[in-house]
Amino acid sequence: MNTPEPIFDVARGDVAVSRRLSDALRTLAANTSDPAMKEQIRGVLAGKLGVRDFARTEAFSQTLDRVMPTALQRFAAMSDEERARLAEQGRAELERYRQQAVAPAPAPPSIDGQPTFQQEPSAGSGHVIAGTRKPDRDRVVAPDDPDEDDLYFRERRQRGWMV
């Protein structure tokens, strides 16, 4: 069965951003000694915890508190040419992720001997809808994509409520 690749909600449908985020999370998990952080990353990669929820956790906040001051100092010390070179390098990397063929997922790498995710839907859960994180979930809609409610209220604002 060829199941669609899971895409993180914060990627706004961009498979390259989702793939890069997944790789970054695996790198973070491999380089942290905090077992709570590793468990939360496993949850994100498994689709049990959203990226936004993970970003609000104490473990992630503590990591940012340790890492960000140095990173900001390094960024401030960079020349404009170096920043432009790094930006171009990032765009090329995202394009490479976009061009990657969607192959059947190999066995997921492990974090401390435990698999990072198992993305097999259960037999009774139905099919996985492209653009969603789990079976039977609503389609992920970016904030700039109007849905039914947005269109309804836009019309009411334009024509008035007594129409």
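Using modelled atom types, one finds a donor on one side chain and an acceptor on the other under 3.5 Å when comparing Arg26 with Ser22.
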Does the pair Arg42 and Glu39 meet the rule for a side-chain contact (heavy atoms from CB on, under 4.5 Å), with working shown? CA-CA 5 Å; Arg42 256 190 232 102; Glu39 185 61 34; 2.7 Å; yes
Between Glu88 and Arg85, does the salt bridge (charged side-chain N to carboxylate O under 4.0 Å, His left out) criterion hold? Intermediate values first, please. CA-CA 5 Å; Glu88 183 55 41; Arg85 182 186 60 76; over 6 Å; no
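Between the Arg98 side chain and the Ala16 main chain, no donor and acceptor come within less than 3.5 Å of each other. Using a distance-only test at 3.5 Å, with no hydrogens or angles considered, no donor-acceptor pair links the side chain of Lys38 to the main chain of Ser33.
Of all heavy-atom pairs spanning Ser61 and Ala55, the tightest one is OG-O, 4.4 Å. The nearest pair of heavy atoms linking Asp65 to Pro69 is O-CD, 3.3 Å.
Linking ILVMFWY residues whenever their side-chain heavy atoms come closer than 4.5 Å, directly or via other members, leaves Val15 and Val17 in distinct clusters. One hydrophobic cluster holds both Leu64 and Val51 under the rule that ILVMFWY side chains link at heavy-atom gaps under 4.5 Å. Cluster membership for Met68 and Leu21, using ILVMFWY side-chain heavy atoms within less than 4.5 angstrom, is shared.
With values rounded to the nearest 0.5 angstrom, Asp53 atom CG is found 10.5 Å from Gln40 atom CD. Remark: Glu58 CD to Asp34 CG distance equals 10.5 Å, nearest 0.5 Å. The OH atom of Tyr152 sits 11.5 Å away from atom CZ of Arg157, with the distance rounded to the nearest 0.5 Å. With values rounded to the nearest 0.5 angstrom, Asp14 atom CG is found 13.0 Å from Arg20 atom CZ. The line from CG of Leu28 to CD1 of Ile41 is 4.0 Å long, rounded to the nearest 0.5 Å. Within the model, atoms OG1 of Thr57 and CE of Met37 stand 6.5 Å from one another, a figure rounded to the nearest 0.5 Å.
Sorted by first and then second residue, the ring pair (Phe, Tyr, Trp, His ring centres under 6.0 Å) pairs with a member in residues 18-60 read Phe54-Phe60; sequence neighbours excluded.
Hydrophobic cluster membership for Leu151: none, as no Ile, Leu, Val, Met, Phe, Trp or Tyr side chain comes under 4.5 Å of it.
Arg74 meets the salt bridge (Lys or Arg N to Asp or Glu O under 4.0 Å) test with no other residue; sequence neighbours excluded.
When the shell of 6.0 Å around CD of Glu95 is examined, it contains more than 12 heavy atoms from other residues, nucleotides or ligands.
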